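Taking it in order: structure first as structure tokens, then the write-up.
Since this is a predicted model, take the numbers as computed values, not measurements. A note on names: the letters A, B, ... follow the listed sequences, proteins ahead of strands, and every chain is numbered from 1.
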Amino acid sequence: MDLIEEIYKLVRQVPRGRVSTYGAVARALGDIIASRAVGLVLNLNPDPDRTPCYRIIASDGSVGGFSRGIEEKIERLRRDGIEVRNGKVMNFGKVFFDDFDTDYPLKRLRKEQMRLSRKVRLKDELGEIRYVAGFDAGYSKSDPLTAHGAIVTIELESMEIVEEMIARKRIRFPYIPTYLAFREFPVFLEAYRRIKIQPDLILVDGNGILHPFKLGIASHIGVSLDLPTIGVAKNLLMGEMRGEDVVYQGEVLGKAVYSSRKPIFVSPGHRMSLDTAVRLVRKLCRYRIPEPVRLAHILAKS
DNA sequence: GCGACAG
DNA sequence: ATCTTGTCGC
Ligand SMILES: [Mg+2]
């Protein structure tokens, strides 16, 4: 799924003399939550003549940002015949374009999450756990369209590294909260296909079932490979704290683990109960982040 | 300005 | 997530 191209295709539908908004483009993608991602993608637009990203402004009528400076954005809008005063588009309601031709790609991906979430199993289905892998992805500002995916596998008993793998993949999907797997799963798979030692368990940087459709990236990976997985997040995506429980819509989907002063948020991904996930994560923590993920994080950045 | 949404 | 020297505390 090339969501970056989908965004550019929508932007090209905005006619000269009209403007639209980051939120309107996000709604045409299928989910308003993607509005910030629309801005980030337009920031990387290589050709503002072919893809007139300057016609996308903030929902309050202010012009928003432009990588070449907002002066050029205002100048381009004026050349289109748009009146701009004090950084605001005049007659906003009249020039606003929202008549996008779209098949709502994010709605399709949401349905895919709902379909996969029915396959998640939350009872312990673990054989003997000898090898534990951790996965994380890293990026760089100088090359923001390449993801670096790292897998580090350790032996549980000795906590020694037995394998390290790094893969690169062109990114065609921005970070959108609750859609993380569609960004990072491809580079995970690229690295996973190359490892020689089959892990018995994979820890993933991100959530498991602690997700609005119970399909965070750890569950997405677990179900796709039918392997036991655990999600380990450094920040809380959703839910409220009840003691150490993370509760969402009346259900305990995760737990805060105080491996250091600041907690991490653990949720089962697949073939695992919450309690077992927490027990295994505690066992794997030398510092705040469990070793396989911590080491994968370092490798992905290098 | 506030709230806030993994990475 | 990224941009990033040095400093402080444990
Ligand atoms: Mg990460």
Side-chain angles (χ1 to χ4, degrees), chain A residues 3-4 22-23 26 29-41 43-44 58-60 62 65 67 106 109-110 113 117 134-151 168-188 191 202-222 229-241 246 248-249 253-257 259-269 277 281 286-290 293-294 296-302:
Chain A
L3 201 77
I4 292 177
Y22 303 105
L29 289 170
D31 197 332
I32 184 68
I33 202 171
S35 53
R36 278 188 302 178
V38 169
L40 287 171
V41 167
N43 177 242
L44 301 173
S59 56
D60 65 357
S62 60
S67 60
L106 290 180
L109 297 182
R110 199 57 111 193
Q113 289 181 332
S117 72
F135 166 72
D136 192 19
Y139 308 86
S140 76
K141 184 122 194 187
S142 62
D143 183 11
L145 295 180
T146 299
H148 300 257
I151 293 176
R168 277 156 282 279
K169 189 133 183 66
R170 290 292 280 179
I171 279 292
R172 302 310 305 173
F173 203 101
Y175 168 67
I176 305 170
T178 74
Y179 295 87
L180 174 64
F182 297 106
R183 175 172 171 85
E184 295 193 342
F185 184 73
V187 73
F188 163 79
I202 306 175
L203 272 62
V204 181
D205 184 32
N207 289 314
I209 61 168
L210 184 48
H211 179 277
F213 296 91
K214 296 190 183 180
L215 200 87
I217 185 168
S219 298
H220 197 120
I221 289 173
T229 57
I230 298 172
V232 179
K234 296 178 287 296
N235 293 288
L236 195 58
L237 168 68
M238 43 162 254
E240 43 195 60
M241 300 306 304
V246 185
Y248 180 71
Q249 293 180 347
L253 298 182
K255 266 190 198 300
V257 170
S259 44
S260 73
R261 194 187 181 110
K262 183 177 156 81
I264 55 178
F265 301 94
V266 175
S267 56
V281 165
R286 206 167 261 171
Y287 306 100
R288 177 174 177 237
I289 309 295
V293 178
R294 190 181 71 87
H297 184 77
I298 293 166
L299 184 61
K301 292 222 284 187
S302 70

inquiry  = At 4.0 Å (heavy atoms only), tell me whether A:Ile217 reaches a base, stays on the sugar-phosphate, or touches nothing.
reply    = base

Touch class at under 4.0 angstrom, heavy-atom based, for A:His297 against every strand present = sugar-phosphate

Residue from A:Leu106, A:Leu109, A:Asp31, A:Val38 passing side-chain contact (heavy atoms from CB on, under 4.5 Å) with A:Ile176 = A:Leu106

ask   = Does A:Ser267 use its side chain to pair, donor to acceptor, with the backbone of A:Gly254 at less than 3.5 Å?
value = no

key: Any side-chain heavy-atom pair of A:Ile209 and A:Leu253 under 4.5 Å   = yes

Sugar-phosphate only, base, or nothing, as touched by A:Asn207 at under 4.0 Å among non-hydrogen atoms = base

Segment of DNA chain B, first to last nucleotide, that comes within the 4.0 Å heavy-atom reach of chain A = B:dC5 to B:dG7

inquiry  = Test your reading of the model: is there a side-chain donor-acceptor pair from A:Arg168 to the backbone of A:Gly149, 3.5 Å cut-off?
reply    = no

inquiry  = Taking any atom closer than 4.0 angstrom to a non-hydrogen atom of chain A, what span of DNA chain C does the protein reach, first nucleotide to last?
reply    = C:dA1 to C:dC3

message = Using a 4.0 Å heavy-atom cut-off, does A:Tyr179 contact any base of the nucleic acid, only the sugar-phosphate backbone, or nothing at all?
response = base

key: A:Phe135 vs A:Asp205 side-chain heavy atoms within contact, under 4.5 Å   = no

task = Answer whether the closest heavy-atom distance between the side chains of A:Asp143 and A:Arg170 falls below 4.5 Å.
result = yes

key: Side chain to side chain, A:Phe188 and A:Ile202, heavy atoms closer than 4.5 Å   = yes

message = Under 4.0 Å, counting only non-hydrogen atoms across every strand here, what does A:Tyr175 touch: a base, just sugar-phosphate, or nothing?
response = base

inquiry  = Ring of A:Tyr179, cation from A:Arg110 - is the NZ or CZ under 6.0 Å from the centre and inside 45° of the axis?
reply    = yes

